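Written below as C-alpha cells is the structure these notes are about.
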Number of protein chains: 2
Amino acid sequence: MEELTPRKERILSFIISSYVDSALPVGSRTIARRFGLGLSPATIRNEMSDLEEMGFISQPHTSAGRIPSDKGYRYYVNQLASRGSAPTEAIKKIGEEFRDKIRSLDELIERTSRILSSVTSEIGVVFYPHFGDLAFQHVELVSLGAGRLLSIWQTPSGIAENFIVDMGEPLGREDLGRITNFLNKELAGIPFSEMGALLERKRKEASDSLVRFYELALRLVRESVERTTSERFCFDGSSLLLEKPEFRDIEKTRHLFQALDDRKQFASVFRASSGGAGVRVFIGHETNCGELWDCSLIASRYFLKEVPAGSLGIIGPRRMPYDRLIPIVDCVSRHFADALERIL
Amino acid sequence: MEELTPRKERILSFIISSYVDSALPVGSRTIARRFGLGLSPATIRNEMSDLEEMGFISQPHTSAGRIPSDKGYRYYVNQLASRGSAPTEAIKKIGEEFRDKIRSLDELIERTSRILSSVTSEIGVVFYPHFGDLAFQHVELVSLGAGRLLSIWQTPSGIAENFIVDMGEPLGREDLGRITNFLNKELAGIPFSEMGALLERKRKEASDSLVRFYELALRLVRESVERTTSERFCFDGSSLLLEKPEFRDIEKTRHLFQALDDRKQFASVFRASSGGAGVRVFIGHETNCGELWDCSLIASRYFLKEVPAGSLGIIGPRRMPYDRLIPIVDCVSRHFADALERIL
DNA sequence: TTTAGCACTCTATTCCCAAGAGTGCCAGAA
DNA sequence: TTCTGGCACTCTTGGGAATAGAGTGCTAAA
C-alpha cells in the first residue's frame with residue numbers, strides 16, 4: 001500500500017472518525033473548522049481530491065462530502081496496528097463478566113457472544129471449538145443399553161468430549177472392555193481428525209480376528225468424534241444492527257439477515273476470515289461475501305492448548321470504531337480461551 | 001364469545017383471508033365483487049359497520065377498508081379448530097426432512113427450527129427439552145481427573161443426559177463407587193427436578209457418617225441436573241420477517257428484534273404461551289408482550305415418554321394463514337417428538 | 001503552495017394539488 | 001324489514017415545483 005503524506009493521513013483519519021461518529025459524509029468546511037491545522041477549506045478540498053483519486057475516499061454524489069472507502073478504512077486500520085491501545089473501561093467490564101462461574105460449554109459460548117455484543121454494540125459471534133487437532137489419549141465407553149454407548153474422549157491435558165452413539169448391535173460387557181482397550185492402544189497420541197483415516201488404513205491390513213474390532217472402532221469414531229467438524233456457532237445482538245443509520249433501508253438489511261440466516265455460508269465467511277493468529281479485520285468486500293459489502297468483521301482465532309480451535313468476533317457496519325473495537329475483541333478472545341480451558 | 005350470523009361470519013372470514021393475502025385493508029366494494037353472494041357494497045358496508053362495532057375488525061383511518069382485529073382473528077381461529085384440515089404437500093415435505101439420519105440433540109433442534117421456518121416462511125423456534133419431570137433410574141460416574149467427573153443420568157426408558165462437573169476435591173475410585181451406589185439407592189424413581197430438595201431434607205436428618213455423602217451428592221446434583229431448567233432455545237428465519245410488508249417500518253421491527261434478542265424474556269413469553277396440550281395460538285396482545293402486539297405465536301408442547309418436556313412453534317405477523325400453519329406446527333411437533341425419543 | 005471567490009450541481013424538504021379509495025347516511029325500492 | 005343506489009365527505013397517496021442548503025471544482029491572485 002502506498003504511503004500518504006502526514007497531512008493527507010491526518011485528513012483521512014479525521015474523515016474516518018467523523019464519519020464513524022455521525023454516519024454523515026464529511027465536507028471540507030467541517031474539516032477546516034474542527035481541525036487544529038490552520039488550513040482553508042480550499043486547501044483541504046485539494047487534498048481530498050487527491051485522496052479520492054487515490055481511492056481512499058469517495059463521494060456518494062457530486063454535492064456531498066466524502067466518505068471513507070474500503071481502502072481508506074484499511075489504511076487507517078493498518079496504521080492502528082502499530083499503536084494498539086486498549087480502553088480500560090471496557091477491559092474491566094469484560095473481566096467482571098468472565099469472573100462469574102460458568103458451568104457448561106453452551107453457557108460459555110452464549111455468554112461470550114452476549115458480552116461481545118453488549119460491549120461493542122455490534123453483533124457478537126462465537127464458534128464452538130473443534131477438537132480435531134488435539135491429540136487423543138484415552139477413551140472410556142459406558143453402555144446405555146440397546147446397543148447405545150456413551151463414549152468419553154480425553155486428551156493428555158484432561159480435556160474431555162463425549163458422545164452418545166448408536167452402535168446398531170448390542171455389545172456385552174466383555175466386548176466393551178476389549179474395544180476400549182483396543183482403541184486406547186491403537187489410537188494413543190493420534191489427533192482426533194485423523195483417527196478415521198488411520199483405522200481405515202489399518203483395517204485393510206488387519207488379520208481376520210481383528211477386522212471386527214476395526215469395524216466397530218471405525219463406526220464409533222465416525223458417529224462421534226468426526227461430528228465435531230460441523231461448524232456450530234452462536235450469535236447475539238442482531239437488533240443492534242437495526243439501530244445503525246446505514247441499515248434504515250429494509251431491502252439492504254434483509255439481504256444481510258439472509259446471509260446471517262444461512263448458517264453454512266456465514267460460517268464459511270467467518271472461518272475464512274480468521275486464518276492466522278491474532279485479531280484480523282475484514283472490511284467491506286474483503287469479507288468475500290456479496291451481502292456483506294457494507295459490513296466489517298473483526299475476528300480472532302482462539303487456541304486450546306496451543307492448538308487453534310475456533311474463532312470469535314463481531315460483525316457490524318463498515319463504519320466501525322476500529323481503534324476501540326479491535327483491542328476489545330482481542331481481550332474477549334483471551335478471556336474466552338482461559339474460561340474454555342477451565343471448563344473442558 | 002358471542003355468535004355471529006352466518007353472513008357476518010362469511011364476511012369476516014373473507015376479510016381475513018383477503019387481508020392475509022395482500023396486507024391491504026379490505027373495502028366493501030372488493031368484497032361485493034369477489035364474493036359469491038349477490039349483495040351490494042352498501043349492504044356489506046352495513047354488516048361491516050356492525051362487525052366493527054362488535055370489535056372484530058377496525059379501520060386504520062376513516063377512508064380505508066377494514067382489517068381484522070385480535071378478536072376477529074381469534075373468532076376465525078376458533079372456528080377453524082372444529083374443522084382442522086392438513087395440507088398434504090407440506091406434510092410430505094416435513095416427513096422427508098425428518099427421514100434423514102439426525103445424530104445429536106443439537107442437530108435435531110437446529111434442524112427442526114430450520115424446517116419450521118422453511119415450511120411456514122415464519123420464524124421457527126424450538127426449545128431444548130428439559131428432563132426435570134422424568135423419573136431418575138440410574139447414574140454412572142466417570143472420573144476425568146483433578147476432581148472432575150462425568151455424570152451420566154438415565155431414566156427407566158433409557159433416556160440419558162450427561163454433565164461434566166467439577167467437584168472441587170479429587171475423589172478416589174473407592175469414593176466414586178460409594179457415591180454412585182448411594183445415589184442409585186437414594187434417588188431411584190425420583191423426578192430429576194426434585195432431587196435437590198429431597199437430598200437437602202434427608203441431609204438434615206442423616207447420621208454423621210452419611211452427611212458427607214449427602215453433601216457430595218447435593219453438589220453433584222446442583223452442578224449438573226439442575227442446570228437443565230435453564231431455558232435454551234434455537235430459532236431460525238428472522239430474515240423472513242423483513243420480507244413482510246408490516247415490517248417495513250424499521251422502528252417497529254427493531255423493537256421486535258430486541259424482544260427476540262432478549263432470550264430470557266422471549267423464553268418466558270413462549271413458555272407461558274404453550275401451557276396445555278396440543279397446538280395453541282396466541283394472537284397480538286394475547287402474547288402478553290408489548291413488542292409482540294403485531295405478532296402471533298403458534299406453539300405446541302412436545303412430550304417425552306408422556307411427560308411434557310418442551311415446546312416449539314413459529315412466530316410471525318398477526319396476518320398469518322392460520323388455517324394452513326396450525327396443522328403444520330402440529331405435524332412438525334409430532335415428528336420432532338418421535339425423533340427426540342430415537343436420539344436420547 | 002495556499003487562498004478567496006464564484007458558478008454549478010445535486011439532495012432534501014416543503015407545499016400544493018389532484019386522483020382515488022372508501023365510508024356513512026339517506027331516501028326509496030323490494 | 002331488508003336491501004340498494006346515490007351522494008357528499010374524509011383521508012391517504014403520489015406527483016410535481018419551488019426552495020434552501022451543502023459541497024464541490026475551477027480560476028486567478030497572494
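No experiment lies behind these values; they were computed from the predicted model shown. Below, read A as the first sequence line, B as the second, and so on, with proteins coming before strands; counting in each chain starts at 1.
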Are [X] and [Y] side-chain neighbours, meaning at least one heavy-atom pair lies under 4.5 Å?
X	Y	answer
L242(A)	E251(B)	no
R74(A)	F282(A)	no
K93(A)	S118(A)	yes
I123(A)	I314(A)	no

In whole angstroms, how far is the [atom2] atom of [N] from the [atom1] atom of [X]?
X	N	atom1	atom2	answer
E47(A)	dG23(D)	CD	P	19 Å
E53(A)	dT24(D)	CD	C1'	15 Å
Q59(B)	dT12(D)	CD	P	11 Å
L24(B)	dG22(C)	CG	C1'	13 Å
D50(A)	dG25(D)	CG	C1'	13 Å
H61(B)	dA21(C)	NE2	P	13 Å
I31(B)	dG22(C)	CD1	C1'	12 Å
Y19(B)	dG22(C)	OH	C1'	16 Å

Taking the axis from the first five pairs and the axis from the last five, what angle separates them in the helix from dT1(C)-dA30(D) to dA30(C)-dT1(D), rounded to 10 degrees? 30°

Do the ring centers of F266(A) and F233(A) come within less than 6.0 Å of each other? yes

Tell me whether the side-chain N/O atoms of [X] come closer than 4.0 Å to OP1 or OP2 in [N].
X	N	value
R29(B)	dG20(C)	no
S63(B)	dC11(D)	no
R66(B)	dG24(C)	yes
T62(B)	dT10(D)	no

Suppose we call a contact any N or O donor and acceptor under 3.5 Å apart; does that hold for the side chain of R45(A) and the base of dG25(D)? yes

Could you tell me whether the side chain of T43(B) has a donor or acceptor atom within less than 3.5 Å of a complementary atom in the base of dC3(D)? no

Are any protein N/O atoms closer than 3.5 Å to N/O atoms in nucleotides 26-30 of chain C? If there are, list each pair with its distance.
none

Would you indicate whether E53(A), at its atom CD, is surrounded by more than 12 heavy atoms from other residues, nucleotides or ligands within a distance under 6.0 Å? no

If you count every heavy atom of other residues, nucleotides or ligands that lies below 6.0 Å from R29(A) atom CZ, does the total exceed 12? no

Could you tell me if R34(A) sits above the aromatic ring of F14(A), with its cationic atom closer than 6.0 Å to the ring centre and no more than 45 degrees from the axis? no

Electrostatic pair R318(A)-E246(A), nearest N-O below 4.0 angstrom: no

